[in-house]
Amino acid sequence: MSTHKVLFGFHAVGVRLKTAPASVVEVYFEASRRDARMRQFIARAKEAGVRLIEADGLRLSKLAGSHGHQGVAALVEPVAQARSLDELLDELKGPPLLLVLDGITDPHNLGACLRVADGAGAHAVIAPKDHAAGINATVAKVASGAAETVPYFMVTNLARTLGELKERNIWVIGTSGDAPRTLYQTDLKGPTALVLGAEGPGMRQLTRKTCDELISIPMQGAVESLNVSVASGVCLYEALRQRGL
């Protein structure tokens, strides 16, 4: 039981039912909900052969640790992913595209970043073990299933990890509002790790010094910076555009 974790929300549970139905131990659903979305969800769970358990809103809230469960939650087993960043990089066929998050402690921001990373086809998201959010039910809910599909590596020493990426000829590009070159003046077609810091303080000084290059996202209005998940999307999709995908 201790190895199981809880997913909640239609997207998070639905993606697990689609990608790894055998890992779903049981699904709890709010019996009082009879709308089309719930009926479709229950039909998908039955098709996957998953055990369905009726529950009220209070039980679901306790199970999920949140009132934002949308009437569904699931008890699931861990799904095997690459055991290490090195293993993942060794198995890649094309040029790596990595998202590195420095100091992102808000689970909602992390979930949104994972969702963007999945959409843009990033191979992994990397963060330090200290001063960073880990994967929990809130992250999984906001990520809309991407927490299940995008490898998330929390490393002991971020600067050292960036150095190891550079040894693999991965160009480490940090984002900073005062950088002289913009995102759109930078070649992102090769092996790339994009590094973003928390909104406000940005990257830590050592992280900044470790980057091969610093770039900025052009800001035309009154605000000085974007939310980190929005900035991640801008950067990753520019890399996707340049790669002709």
Side-chain angles (χ1 to χ4, degrees), residues 1-21 23-28 41 60-85 88 97-156 158 161 193-201 203 207 226-237:
M1 192 72 176
S2 61
T3 61
H4 296 160
K5 71 175 184 176
V6 175
L7 298 177
F8 63 88
F10 284 112
H11 282 298
V13 179
V15 167
R16 179 60 76 94
L17 285 171
K18 179 180 178 181
T19 60
S23 71
V24 181
V25 178
E26 52 198 22
V27 170
Y28 297 80
F41 174 82
L60 285 165
S61 294
K62 287 181 178 178
L63 186 66
S66 167
H67 294 294
H69 48 71
Q70 299 178 308
V72 296
L75 196 65
V76 301
E77 296 173 342
V79 175
Q81 290 183 336
R83 290 186 296 274
S84 69
L85 180 58
L88 180 140
L97 177 60
L98 307 172
L99 176 64
V100 182
L101 302 174
D102 188 22
I104 308 306
T105 58
D106 184 341
H108 293 86
N109 274 338
L110 174 58
C113 287
L114 288 169
R115 186 172 184 175
V116 166
D118 177 86
H123 297 107
V125 176
I126 303 167
K129 285 183 177 178
D130 296 328
H131 310 296
I135 301 292
N136 58 25
T138 299
V139 172
K141 166 74 165 50
V142 176
S144 297
E148 303 297 307
T149 59
V150 179
Y152 181 57
F153 297 107
M154 300 188 78
V155 299
T156 303
L158 185 59
T161 297
L194 290 160
V195 188
L196 288 89
E199 187 177 356
M203 295 178 292
T207 305
L226 299 174
N227 173 274
V228 64
S229 63
V230 175
S232 296
V234 171
C235 293
L236 288 171
Y237 274 92

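Scope of the values below: all heavy atoms of this structure, side chains included, with no hydrogens, waters or symmetry mates.
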Measuring from atom [atom1] of [X] to atom [atom2] of [Y], what distance do you get when rounded to the nearest 0.5 angstrom?
X      : Y      : atom1 : atom2 : result
Glu148 : Ile135 : CD    : CD1   : 8.5 Å
Phe41  : Gln70  : CZ    : CD    : 10.0 Å
Leu194 : Leu99  : CG    : CG    : 7.0 Å
Lys129 : Met154 : NZ    : CE    : 8.5 Å
His108 : Cys113 : NE2   : SG    : 13.0 Å
Leu196 : Asp102 : CG    : CG    : 10.0 Å

Determine the minimum heavy-atom distance between [X] and [Y], stating which atoms define it.
X      : Y      : result
Val142 : Gly111 : CG1-C, 3.8 Å
Val24  : Ala74  : CG1-CB, 4.4 Å
Ala20  : Ser23  : O-OG, 2.7 Å
Ala137 : Val6   : CB-O, 3.9 Å
Phe153 : Leu88  : CE1-CD1, 4.1 Å
Val139 : Gly134 : CG2-O, 3.5 Å

Determine yes or no for a side-chain-to-main-chain donor-acceptor pair under 3.5 angstrom, with [X] supplying the side chain and [Y] the backbone.
X      : Y      : value
Ser232 : Val228 : yes
His123 : Leu98  : no
Tyr152 : Ala127 : no

Counting C-beta onward and ignoring hydrogens, is there a side-chain heavy-atom pair between [X] and [Y] closer than 4.5 Å?
X     : Y     : result
Lys5  : Leu7  : yes
Val25 : His4  : yes
Phe8  : Leu63 : no

Residue pair Ser229 / Asn109, side-chain donor-acceptor N/O under 3.5 Å: no

Using the test side-chain hydrogen bond (donor to acceptor under 3.5 Å, both in side chains), find all partners of Thr161 that sit at least two apart in sequence or belong to another chain. none

Tested for side-chain contact (heavy atoms from CB on, under 4.5 Å) against Ile126, the lone hit among Val195, Leu101, Val155 is Val155

For residues 131-147, which residue pairs qualify under side-chain hydrogen bond (donor to acceptor under 3.5 Å, both in side chains), counting only residues two or more places apart or in two chains? Arg115-Ser144

